[in-house]
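What's counted below: heavy atoms across the whole structure, side chains too, no hydrogens, waters or symmetry copies. Per chain, numbering begins at 1; letters A, B, ... match sequence-line order.
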Amino acid sequence: MLVATWNVNSIRARYERLSRWLSSHQPDVLCLQEVKVEEKAFPFEAIREAGYNVEVFGQRTYNGVAILAKGEMTEVQKGFPKDAFDDQARFIAAKVNGVRVVSIYVPNGKVVGSESYEYKLRWLFQLKRFLEESEISSGDIIVCGDLNIAPNPGDVARPQQWEGSVLYNPEMRSEFTELLALGLADTIGKRFPDGGIYSWWDYQQLGFQLGNGLRIDHILASRGLAVRCTDAGVDREERKGKLPSDHAPVWAMFETT
DNA sequence: ATGGTTGCTTAGCAA
């Protein structure tokens with residue numbers, strides 16, 4: 001089973017790239033973030049014609065997450081349960097092939113100490129609560145998405161420049177450790193223990209052109225699933241060429257039982 | 001070099 005996650009930064013702007021990527025890589029599951037469109041304007045038909053079922057938690061202009069899957073999706077959940085504080089579309093989950101798949105877009109946080117950063121911390125608290133209640137040890141679960149956290153020094157091309165940013169600071173590294181402690185494994189991190197693998201390059205700072213990347217998109221798998229991970233990586237090629245997303249697709253292959 | 005880009009929506013915000 002090939003599982004992938006990709007922050008497309010607008011599905012309408014990225015539709016041709018997405019369509020090509022689906023047909024060339026044939027993932028069984030693709031989690032999307034920042035689709036930036038309401039459900040009524042989502043390109044359902046075209047994606048179904050490409051052979052995928054789709055579940056979308058859409059939003060106008062900002063955010064928006066989705067799950068594409070070849071298999072049938074059940075138990076779809078949009079947003080955290082009994083979610084009082086969050087009006088932003090950043091969480092969707094569904095069961096596919098017996099695996100609970102979660103597609104998330106964690107808030108960026110702007111600047112440490114800002115209102116946005118506080119929101120990021122509250123959101124991560126909700127995520128941890130959801131995962132605690134998911135009884136990770138009793139079934140396969142996979143958490144995919146733009147976590148807006150680079151967990152290790154090797155996940156940042158220029159760690160000195162980024163230290164203290166909302167993406168890379170001790171508090172965020174601790175948040176990531178807490179997520180793993182709930183029973184998840186960092187599939188890409190395990191595949192590349194020496195780091196040097198990035199998934200996002202800033203448009204503004206010409207990050208890709210300057211080799212200034214960070215690994216902030218992740219595929220976290222429950223332990224039982226993680227031991228069946230045969231390979232994982234980032235499709236860096238997708239960041240090249242005309243009008244790419246600022247994020248590249250991240251993928252992990254699992255042995256099917 | 002304290003800049004630079006992109007997307008949505010339409011001048012300002014978010015990343």
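- Looking at every heavy atom in both residues, Gln205(A) comes nearest to Leu210(A) through O-CD1, 3.3 Å.
- dA15(B) atom P lies 15 Å from atom CD1 of Ile149(A), rounded to whole Å.
- If you measure from atom CG of Asn212(A) to atom P of dG3(B), you get 17 Å, rounded to the nearest angstrom.
- Counting to the nearest Å, the C1' atom of dC13(B) and the CZ atom of Arg60(A) are 13 Å from each other.
- By the 4.0 Å N-to-carboxylate-O rule, Arg129(A) lies too far from Glu132(A) to be salt-bridged with it.
- Looking at heavy-atom distances under 4.0 Å, Arg90(A) makes contact with sugar-phosphate atoms alone, never a base.
- In this entry the distance linking CZ of Arg239(A) with P of dA15(B) reads 17 Å, nearest Å.
- We find that CH2 of Trp162(A) is positioned 10 Å from C1' of dA15(B), with the value rounded to whole Å.
- Between dA1(B) and dT6(B), the two P atoms lie 25 Å apart (nearest whole Å).
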Below 3.5 Å between N/O atoms, which protein atoms pair up with nucleotides 4-7 of chain B? Just atom names and distances, please.
from: dG4(B); atom 1: N9; to: Gln204(A); atom 2: O; distance (Å): 2.8
from: dG4(B); atom 1: N7; to: Gln204(A); atom 2: O; distance (Å): 3.3
from: dT5(B); atom 1: O4'; to: Tyr203(A); atom 2: O; distance (Å): 3.2
from: dG7(B); atom 1: OP1; to: Arg14(A); atom 2: NH1; distance (Å): 3.1
from: dG7(B); atom 1: OP1; to: Arg14(A); atom 2: NH2; distance (Å): 3.3
from: dG7(B); atom 1: O3'; to: Ser10(A); atom 2: OG; distance (Å): 3.3

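- Geometrically, Arg215(A) does not engage Tyr198(A) in a cation-pi contact defined by less than 6.0 Å to the ring centre and at most 45° from the axis.
- With ring centers used as reference points, Phe208(A) lies 6.0 Å or more from Tyr203(A).
- Ring centers of Trp200(A) and Trp6(A): at least 6.0 Å apart, outside the cut-off.
- With salt bridges taken as basic N to acidic carboxylate O contacts below 4.0 Å, one links Arg191(A) and Asp231(A).
- DNA chain B is contacted by Tyr105(A), Asn108(A), Lys110(A) of residues 103-118 of chain A, taking any non-hydrogen atom closer than 4.0 Å.
- Nearest-nucleotide positions on DNA chain B place Ile11(A) closer to the 5' end than the other of Ile11(A) and Asn7(A).
- Separation of the P atoms belonging to dT2(B) and dG7(B) is 26 Å when rounded to the nearest angstrom.
- For the C1' atom pair drawn from dC8(B) and dG3(B), the interatomic distance equals 23 Å after rounding to whole Å.
- A gap of 16 Å separates the C1' atoms of dT9(B) and dA15(B), to the nearest Å.
- Under a 4.0 Å N-O distance rule, the pair Lys78(A)/Glu39(A) qualifies as a salt bridge.
- If you take OH of Tyr119(A) and P of dA14(B), they are 12 Å apart, rounded to a whole angstrom.
- The side-chain contact (heavy atoms from CB on, under 4.5 Å) test with Met73(A) is passed by exactly one of Val96(A), Ile92(A), Val101(A): Val96(A).
- The side-chain heavy atoms of Trp21(A) and Glu237(A), taken from C-beta on, include no pair separated by under 4.5 Å.
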